[in-house]
Amino acid sequence: QVQLVESGGGLVHAGGSLRLSCAASGRTFSNYHMGWFRQAPGKERAFVARSMRSGGGTDYADSVKGRFTISRDNAKNTVYLQMNSLKPEDTAVYYCAADRDYRSSRDVSEYEYWGQGTQVTVSS
């Protein structure tokens with residue numbers, strides 16, 4: 001069982017930056033693929049970025065590539081999402097999620113554990 005708690009959301013002007021954090025409970029954090037997803041009003045939850053376990057690398061949605069960076073600190077059981085050059089279309093509730101499957105995925109349904117979400121609002 002893993003519990004996830006996001007923080008760091010807020011209101012920012014277009015072009016600004018935010019860093020989201022997701023703290024995980026448990027002693028096996030390093031065994032999980034970690035992902036960030038977002039959900040805008042009236043839209044489905046969508047993949048943003050993922051960090052594969054065991055140094056498996058990172059992956060980004062095209063819409064955020066070059067602007068967002070996912071990182072993890074296994075010693076602190078925390079995954080981060082650094083968001084730069086924010087745009088109004090980045091406005092959404094951002095969720096972190098954990099996946100223990102052998103293969104990592106961008107698919108929402110593959111992630112077993114979810115945080116409560118943190119609101120990010122980007123004004124124009």
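Here, residue 1 is the first one in the sequence, and each next residue gets the next number.
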Do the side chains of [Y] and [X] get nearer than 4.5 Å, heavy atoms only?
X      : Y      : value
Asp101 : Glu112 : yes
Arg106 : Phe37  : no
Tyr80  : Arg19  : yes
Arg50  : Ser104 : yes

Would you check if the side chain of [X] reaches a backbone N or O of [Y] as a donor-acceptor pair within less than 3.5 Å?
X      : Y      : answer
Thr78  : Lys76  : yes
Ser105 : Asp107 : yes
Thr91  : Thr121 : no

Minimum heavy-atom separation for [X] to [Y], with atom names?
X      : Y      : answer
Arg67  : Ser85  : NH1-O, 2.9 Å
Val5   : Gln116 : CA-OE1, 3.7 Å
Tyr111 : Trp114 : O-NE1, 3.2 Å
Asn84  : Ser17  : OD1-OG, 2.9 Å

For residues 9-119, which residue pairs qualify under disulfide bond (SG atoms under 2.5 Å apart), counting only residues two or more places apart or in two chains?
->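 Found Cys22-Cys96.
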Charged tip of Arg45 within 45° of Tyr95 ring normal and under 6.0 Å =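 Here Arg45 passes the 6.0 Å and 45° test against Tyr95.
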[atom1]-[atom2] distance between [X] and [Y], expressed to the nearest 0.5 angstrom:
X      : Y     : atom1 : atom2 : result
Ser124 : Glu89 : OG    : CD    : 10.0 Å
Gln119 : Glu6  : CD    : CD    : 12.0 Å
Asn74  : Ser51 : CG    : OG    : 7.5 Å
Arg53  : Asp99 : CZ    : CG    : 7.5 Å

What do the steps show when you test Arg100 against Asn31 for side chain to side chain contact (heavy atoms under 4.5 Å, CB included), and what is the final call?
-> CA-CA 7 Å; Arg100 200 173 179 178; Asn31 291 342; 3.7 Å; yes
When clusters are formed from ILVMFWY side-chain contacts under 4.5 Å, directly or step by step, what else is grouped with Met52?
->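 Under the 4.5 Å side-chain rule, Met52 groups with nothing.
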Co-members of the apolar cluster containing Tyr113 [side chain, <4.5 Å] =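 Result for Tyr113 is Val2, Leu4, Val12, Leu18, Leu20, Phe29, Tyr32, Met34, Trp36, Val48, Tyr60, Val64, Phe68, Ile70, Val79, Leu81, Met83, Leu86, Tyr94, Val120, Val122.
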Taking only Lys NZ, Arg NE, NH1 and NH2, and the carboxylate oxygens of Asp or Glu, determine whether Asp62 and Lys65 approach each other closer than 4.0 Å.
->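 Salt bridge: yes.
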